[in-house]
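Working notes for the structure below.
Throughout, protein chains are lettered first and strands after them, A, B, ... in sequence-line order, and every chain is numbered starting at 1. Computed from heavy atoms alone, side chains included, the values below leave out hydrogens, waters and symmetry copies. From a predicted model like this one, the values you see are computed outputs, not experimental measurements.
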Amino acid sequence: MDVRDTIIDAVRIALADLGVDPVPAIIQLERPANADHGDWSTNVALVSAKAAGLNPRTLGSQLVERLESAPPTHVVGVEVAGPGFVNFRLAESWLHDVLADVVVAGSEGWARSDEGKGTRVIVEFVSANPTGPLHAGHGRGACYGDSIARLYSRCGFDVVREFYINDRGLQMENFAASLAARVAGQPVPEDGYHGQYIVDWAAEMIAEADATADPMEWGYTKALGSHRAALEALSIHFDSWFSERSMIATGAIDDTLAALWAAGAVYEDGGAVWLRSTDYGDDKDRVLVKSDGEPTYLMPDVAYHRDKFDRADLLVNVLGADHHGYVARMHAAMAMLGHDPDKLEIAITQLVSLHRDGCEVRLSKRTGEMVELAEVVEDVGADAARFTYLLLSVDSPQTFDLDLVASQVNENPVFYVQYAHARIHQVVRRATDAGINRGELSDADFSLLCHSRELEVLRALHELPDVVSRACRERAPHQVTTWVRNLAASFHGFYHDCRVLGEDVDQPLTIARLWLAEGTRIGLAVALDLLGVDAPTEMWRDGLVGQEHDPVSTSY
RNA sequence: GCCCUCGUAGCUCAGUCGGAUAGAGCGACCGCCUCCUAAGCGGUAGGCCACAGGUUCGAUUCCUGUCGAGGGCGCCA
């Protein structure tokens with residue numbers, strides 16, 4: 001049982017004994033910023049003062065009296081402070097119990113939960129049109145979407161990663177026309193795609209000497225292949241690629257339109273079919289079928305989401321901020337089809353702006369100015385790219401300075417974290433060489449871990465389950481990034497100040513510290529896995545290769 | 001004009017489910033390798049948490065407004 005639950009239960013009983021009615025449903029217990037305020041603190045006396053008919057300080061004092069008479073496990077001090085906070089001081093033994101919990105759970109079990117209770121969730125992300133390569137901006141949504149999928153999995157959801165392919169419509173036609181024009185040696189149409197890649201792909205098409213190839217089909221295959229390759233380079237794998245065209249074949253689009261008519265959700269005006277999205281808070285009604293009889297992008301999209309609701313309990317879409325306007329209309333459409341719009345969660349990522357040579361590069365396939373995602377990954381490496389994309393909250397716009405990132409690859413915080421992991425493996429190897437093994441958990445004496453550096457690492461490890469749970473709930477993988485940087489910092493501090501091996505370290509302490517390293521390894525492994533970043537067992541900086549090390553392993 | 005996100009140290013950003021003295025990295029300055037990888041550790045300097053009101057015992061955090069930045073407002077996607 002987590003020490004917090006023990007304390008909260010004791011507080012609840014004490015409040016009831018004092019006649020506080022009602023006892024608050026939620027009793028907040030938090031770790032004070034200031035160590036002088038103890039290990040854990042509750043504001044319950046401030047919150048419940050009115051219900052108790054006492055001033056907060058008095059209620060706090062009475063609580064302290066009660067709690068001191070029968071202190072919960074690990075609690076060695078209770079006091080009232082400030083305006084009425086009740087602060088708990090704990091014996092270090094509570095952190096030693098945490099370490100035991102961590103190593104018993106292992107990297108499979110620690111910070112894994114059942115919160116999702118098997119809820120089926122489809123995370124749809126990237127979903128870039130197959131009209132050109134992915135650019136650096138797509139990388140953010142790609143890494144973000146994959147990481148929240150990992151978080152959902154770890155929290156007990158049943159997750160499908162899905163890529164929706166807009167493989168028909170006006171943009172596809174423009175793309176095909178652009179490709180065809182280049183193949184024929186003619187200028188690209190005004191509203192076509194003007195990127196260099198069109199030139200390159202046209203040349204490839206000619207080189208393949210398949211004159212009969214349909215530019216749309218050839219280009220579609222080419223673009224999708226390039227998407228897969230770029231994502232693969234980031235270790236992002238989709239479980240499902242859902243084709244817009246497939247819904248024409250299955251009749252899903254027609255069925256959906258019929259369902260909308262039946263629900264009174266649409267009307268005809270000026271030869272077009274409109275969705276009554278204003279009934280559900282949208283700015284204006286939206287066209288589903290154009291007056292020329294062609295569907296807009298929205299029509300198949302509505303059908304697609306209807307299909308997803310047949311397959312899952314919760315839909316999560318990752319979209320760039322430039323698609324924000326889409327939220328209200330899709331919620332409206334789902335509500336009108338009888339689905340709970342709250343089960344369609346749309347995560348908006350603020351845009352990535354790219355700088356190269358000191359200038360901003362606008363990312364647009366249509367104008368042709370772009371930096372390919374594959375190029376970024378090649379330049380900085382998959383781990384640095386992923387970590388960088390997941391460094392910030394997606395609510396903040398991100399500036400990616402290619403020159404800076406490329407020149408400072410070795411200063412990327414990802415290496416700081418990975419190095420902590422590599423150090424752990426290194427010290428274990430050294431211990432093994434010296435004939436020292438952690439042995440059985442039950443033989444270790446964790447009470448020897450009382451250095452402030454050691455306790456700091458243990459406190460960080462204790463936080464991980466909460467961090468993961470919250471990061472999942474808030475769909476905020478950057479919280480994991482922040483946490484793992486902090487764990488790495490605590491570990492490096494420990495490693496610097498506390499020697500694990502050596503003649504001046506008693507064997508029981510060495511053993512206890514090896515277990516601490518193992519606990520840290522588990523924390524790093526769990527967090528890095530959630531971020532999709534490798535946890536290398538060794539890293540050697542160029543030029544620092546020791547003679548006992550194989551130069552081949554210099555890049556981890 | 002309306003909608004979304006944001007405004008925190010010189011720079012890039014955490015923190016904000018309301019809590020006690022607001023943090024990190026980079027940059028600047030000063031230190032630490034006879035010792036498990038110095039890809040490491042420590043110290044100093046640096047803040048009207050954009051501004052103004054409101055709610056509260058308590059606001060950087062919640063609400064309203066103002067200013068500023070980015071994005072959106074198409075029978076494109």
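- In this structure, the CZ atom of A:Arg329 is 13 Å from the C1' atom of B:C4, given to the nearest Å.
- Under the 6.0 Å cut-off for aromatic ring centres, A:His496 and A:His492 do not qualify, their centroids lying 6.0 Å or more apart.
- Remark: A:Lys284 is in phosphate contact with B:G74, judged by side-chain N or O atoms under 4.0 Å from OP1 or OP2.
- A:Arg499 has no side-chain polar atom (N or O) that falls below the 4.0 Å cut-off from OP1 or OP2 of B:C41.
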> Once each nucleotide of nucleotides 18-34 of chain B is scored for protein heavy atoms under 4.0 Å, what B/S/- sequence comes out, 5' to 3'?
Replying inline: -BBB---S---------
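- With respect to the salt-bridge test (charged N to carboxylate O, under 4.0 angstrom), the residues A:Arg470 and A:Glu474 qualify.
- Contact check on A:Asp466 versus A:Arg4 returns a salt bridge, with a Lys/Arg side-chain nitrogen under 4.0 Å from an Asp/Glu carboxylate oxygen.
- Ion pairing of A:Glu463 with A:Arg31 is present here, as a side-chain N (NZ or NE/NH1/NH2) and a carboxylate O approach within less than 4.0 Å.
- Not a single salt bridge (Lys or Arg N to Asp or Glu O under 4.0 Å) links A:Asp167 to another residue, sequence neighbours left out.
- Ring planes of A:His135 and A:His138: parallel class, angle under 30° (limits at 30 and 60°).
- At the heavy-atom level, A:Thr482 lies under 4.0 Å from the strands shown only through sugar-phosphate atoms.
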> Where do A:Asn166 and A:Gln171 land on the side chain to side chain donor-acceptor pair (under 3.5 Å) test, with the steps shown first?
Replying inline: CA-CA 9 Å; A:Asn166 290 107; A:Gln171 294 307 328; over 6 Å; no
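- Nucleotides B:A59 and B:G43 are separated by 31 Å at their P atoms, to the nearest Å.
- Using a 4.0 Å heavy-atom criterion, one finds that A:His492 contacts the sugar-phosphate atoms exclusively.
- A salt bridge is absent between A:Glu456 and A:Arg459: the closest approach of a Lys/Arg side-chain nitrogen to an acidic carboxylate oxygen does not fall below 4.0 angstrom.
- Spacing between B:A14 and B:C57 at atom P, rounded to whole Å, works out to 33 Å.
- At the heavy-atom level, A:Leu351 lies under 4.0 Å from the strands shown only through sugar-phosphate atoms.
- Nearest to the side-chain atoms of A:Leu170 among the listed nucleotides B:U5, B:C4, B:A77 stands B:A77.
- Side-chain N/O atoms of A:Ser396 and base N/O atoms of B:C13 include no donor-acceptor pair closer than 3.5 Å.
- If you measure from atom CG of A:Leu390 to atom P of B:A14, you get 12 Å, rounded to the nearest angstrom.
- When each of B:C3, B:C6, B:A14 is scored by its nearest atom to the side-chain atoms of A:His478, the top-ranked nucleotide is B:A14.
- Applying the salt bridge (Lys or Arg N to Asp or Glu O under 4.0 Å) criterion to A:Arg140, with sequence neighbours excluded, gives no partner residue.
- With C1' as the reference atom, B:U66 and B:G10 are 27 Å apart, rounded to whole Å.
- Between the CE atom of A:Met539 and the P atom of B:G40 there is a distance of 9 Å, given to the nearest Å.
- When all heavy atoms are compared, the tightest approach of A:His478 to A:Leu392 is CB-O, 3.3 Å.
- For A:Tyr495 and B:C36, the ring-to-base geometry satisfies the stacking test (centroid distance below 5.5 Å, interplanar angle below 30°).
- Remark: side-chain polar atoms of A:His194 are paired, donor with acceptor, to backbone N or O of A:Pro189 under 3.5 angstrom.
- Taking atom P in both B:U16 and B:G23, the straight-line distance is 14 Å, to the nearest Å.
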> Given pairs defined as Watson-Crick or G-U wobble with both distances under 3.5 Å, what dot-bracket annotation applies to RNA chain B, with ( ) intrastrand, [ ] crossing, | other strand and . unpaired?
Replying inline: (((((((..((((.....[...)))).(((((.......))))).....(((((..]....))))))))))))....
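- For B:C33, the base adopts the syn conformation, since its glycosidic angle falls within 90 degrees of zero.
- Distance, A:Phe175 CZ to B:A77 C1': 15 Å, rounded to whole Å.
- Across the protein-nucleic acid pair, A:Leu134 atom CG and B:A77 atom P stand 19 Å apart, rounded to whole Å.
- As judged by a 4.0 angstrom heavy-atom cut-off over every strand, A:Gly271 is placed among residues making no nucleic acid contact.
- Going from the P atom of B:A50 to that of B:U60 covers 10 Å, rounded to whole Å.
- As rounded to whole Å, 16 Å separates atom P of B:C76 from atom CE of A:Met299.
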Taking N or O atoms only and anything under 3.5 Å, show me the protein contacts with nucleotides 42-46 of chain B, one pair per line.
residue, atom, partner, partner atom, Å
B:G42, OP1, A:Arg453, NH1, 3.1
B:G42, OP1, A:Arg453, NH2, 3.1

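- Donor-acceptor pairing under 3.5 Å, judged by distance alone, is present between the side chain of A:His323 and the base of B:A77.
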Would you be so kind as to tabulate the donor-acceptor pairs closer than 3.5 Å made by side chains of residues 497-506 of chain A, with sequence neighbours excluded?
residue, atom, partner, partner atom, Å
A:Asp497, OD2, A:Arg453, NE, 2.9
A:Asp497, OD2, A:Arg453, NH2, 3.4
A:Arg499, NE, A:Leu501, O, 3.4

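- When the C1' atom of B:C57 is taken as reference, atom CG of A:Leu59 falls 14 Å away, rounded to whole Å.
- The aromatic rings of A:Phe175 and A:Tyr193 stand perpendicular to each other, their planes meeting at an angle above 60°, with 30° marking the opposite boundary.
- Taken to the nearest 0.5 Å, the CG atom of A:Leu528 stands 11.0 Å off from the CZ atom of A:Arg386.
- Listed nucleotides B:C75, B:C36, B:A38 differ in distance to A:Arg423; the shortest reach to its side chain belongs to B:A38.
- Using atom C1' as the reference point in both B:C51 and B:G27, the two lie 29 Å apart (nearest Å).
- Taking atom CD of residue A:Gln350 and atom P of nucleotide B:C4, one finds them 12 Å apart after rounding to whole Å.
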